[in-house]
Amino acid sequence: MTQGLCILGSTGSIGQNCLRVVDCLPDRFHVGALSAGKNIDALAAQILKHNPKIVVVSTAEYRDQLRDRLKRGGYGRRIKITFGVEGQVEAATHDAVSFVVSASHGTTGLVATYRAVCAGKRVGLANKETLVVAGEIVMRAAAERGIEVLPIDSEHCAVHQCLRSGQGREVKRIILTASGGPFLRTPLKKFDAITVEQALKHPIWRMGGRITIDSATLVNKGLEIIEAHWLFGAAPSQIDVVIHPESIIHSMVEFIDGSVMAQLGVPDMRIPIQYALTYPDRVATTEKGLGLDLIAAGKLHFGRPDTRRFPSLDLAREALAHGGIMPCVLNAADEIAVEAFMNKRLRFSAIPRLIEEVMRQMSGYGPTNSLEDVLAGDREARDRAARVIRDISA
Ligand code: MG
């Protein structure tokens with residue numbers, strides 16, 4: 001019997017790649033549920049092809065649009081169409097689903113991902129915000145139920161693979177690689193003038209808007225330090241970042257005997273997606289272009305990240321050391337800052353400064369014991385970030 005898959009964020013780049021992988025694994029998976037925001041055209045096409053039992057969109061209006069679209073297209077199968085966070089939870093905990101791929105934007109899939117873990121579903125995590133804002137809560141729920149949370153973030157997928165060659169107590173450190181983004185060699189004095197178009201040109205990966213900007217500021221790598229901490233239970237001091245512009249080595253683990261294990265591969269998300277879906281098995285891929293040509297890759301380079309030009313790495317470490325709501329604050333302030341940058345209301349160089357300011361303002365915030373606490377802190381950080389931006393532009 002094949003496993004029913006739920007994809008939260010099915011029309012995004014991870015969601016689309018996930019469906020390509022599933023197409024190649026028909027003896028293992030079928031699509032049980034799809035959840036998207038507002039991209040009704042793409043979602044309708046996915047429904048026609050994959051026939052899920054339940055689909056979710058962001059609002060009642062989009063639900064009606066999708067219903068009309070399917071009716072006009074003569075779609076004859078039984079399907080439930082629902083919306084919002086409650087709809088996502090229903091899809092992610094549905095009886096027809098045993099594996100949930102969490103790939104929605106930002107924190108929109110947080111509640112559904114958490115509830116999927118609580119319902120005993122296997123989870124593949126492409127959405128790092130889930131662990132950045134609620135790592136303790138989500139991983140505790142997973143541990144209590146013996147659920148494995150499998151990373152789809154390429155670096156963490158690499159670490160997960162490297163960790164299979166030793167015991168937890170034998171691990172010395174985790175080495176996350178970072179391409180360094182488009183401004184790896186841009187002098188600091190030019191950071192003020194960086195345009196949106198320049199920041200959206202990632203040298204290696206084709207991704208959504210926010211994560212591309214986050215890769216240019218290295219905020220993404222900071223979030224990945226926090227993600228690695230929760231996924232692998234590593235102390236922050238055990239997690240290093242190394243610049244590796246070729247993005248051939250996706251991350252490494254150093255063991256106490258001096259051995260370093262690395263995972264290499266072409267930078268293509270279909271590899272980590274398939275790894276998570278089929279773990280602990282490895283399955284031959286029938287897709288083209290996933291083989292690594294080492295001779296063509298030629299030289300691999302490594303360097304130390306410059307935290308003066310990319311202060312977000314230190315901000316992430318600070319947030320992790322502070323604990324509580326602070327990683328959530330970092331993430332929320334960054335999301336608002338990136339949005340303002342993309343709308344040309346904030347300079348590129350002001351993104352880390354804005355994050356730092358909101359973190360400072362919320363340093364006395366109380367403990368976070370539940371998802372409700374986290375979501376309240378998230379809203380407050382967003383409000384504060386928006387206020388700081390208004391003050392700057394006034
Ligand atoms: Mg990554």
Side-chain angles (χ1 to χ4, degrees), residues 9 12-18 21 101-107 109 113 123-133 135 149-163 174-184 199-232 234 236 239-253 262-277 290 302 305 310 312-313 315-317 319-320 327 330-331 334-335 338:
S13 74
I14 296 286
Q16 290 179 29
N17 273 315
C18 187
V21 172
V101 172
S102 173
S104 329
H105 289 298
T107 47
T113 304
V123 170
L125 204 59
N127 167 282
K128 64 192 63 156
E129 287 86 346
T130 298
L131 291 185
V132 169
V133 311
V149 176
L150 293 155
I152 295 181
D153 206 345
S154 60
E155 292 80 357
H156 304 74
C157 176
V159 171
H160 193 273
Q161 296 182 57
C162 296
L163 286 172
I174 287 171
I175 306 163
L176 299 175
T177 54
S179 73
F183 310 121
L184 182 58
L200 282 175
K201 278 200 191 97
H202 194 275
I204 307 278
W205 296 96
R206 294 283 154 269
M207 308 171 288
R210 182 194 170 200
I211 187 171
T212 305
I213 305 296
D214 280 349
S215 298
T217 56
L218 292 201
V219 166
N220 183 55
K221 210 50 58 178
L223 299 178
E224 287 181 353
I225 294 174
I226 301 171
E227 185 186 9
H229 165 70
W230 290 117
L231 267 173
F232 307 118
I239 307 168
D240 280 347
V241 173
V242 166
I243 300 290
H244 167 46
E246 292 85 6
S247 294
I248 295 290
I249 296 180
H250 297 298
S251 278
M252 296 172 260
V253 172
Q263 187 259 342
L264 288 72
V266 292
D268 190 306
M269 289 310 293
R270 287 173 292 172
I271 296 176
I273 290 168
Q274 177 170 309
Y275 175 84
L277 289 179
L290 297 184
F302 304 95
F310 301 103
S312 22
L313 286 178
L315 289 174
R317 290 193 185 280
L320 197 49
L330 169 103
N331 176 69
D334 174 66
E335 206 178 300
V338 168

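Whatever order the structure lists them in is the order used to number ligands and atoms, beginning at 1. Bear in mind that the values here come from a model prediction, so they are computed numbers and not experimental data. Nothing fancy with the numbering, it's 1 onward along the sequence. Side chains are part of it too, since the values below use all heavy atoms of this structure and drop only hydrogens, waters and symmetry mates.
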Colleague: Measure the shortest side-chain to side-chain distance between Leu330 and Leu223 over non-hydrogen atoms and say whether it is less than 4.5 angstrom.
Modeller: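 In short, these two side chains touch, coming nearer than 4.5 Å.
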Colleague: Check the side chains of Lys128 and Asn220 for a donor-acceptor pair under 3.5 angstrom, ignoring hydrogens and angles.
Modeller: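 There is such a pair between these side chains.
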Colleague: Can you spot which of Gln161, His250, Glu227 makes a side-chain hydrogen bond (donor to acceptor under 3.5 Å, both in side chains) with His156?
Modeller: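 Per the side-chain hydrogen bond (donor to acceptor under 3.5 Å, both in side chains) rule, the option paired with His156 is Glu227, out of Gln161, His250, Glu227.
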Colleague: Do you know which N/O/S atom name in Glu155 is closest to the Mg ion (ligand 1)?
Modeller: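 So the atom name we want here is OE1.
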Colleague: Aromatic rings His160 and Tyr275: how do their planes relate, parallel, tilted or perpendicular, breaks at 30° and 60°?
Modeller: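 Perpendicular.
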Colleague: Determine which of the N, O or S atoms in Asp153 is closest to the Mg ion (ligand 1) and give its atom name.
Modeller: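 Answer by atom name: OD1.
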Colleague: In Glu224, which N, O or S atom comes closest to the Mg ion (ligand 1)?
Modeller: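 Of all N, O or S atoms in Glu224, the Mg ion (ligand 1) lies closest to OE2.
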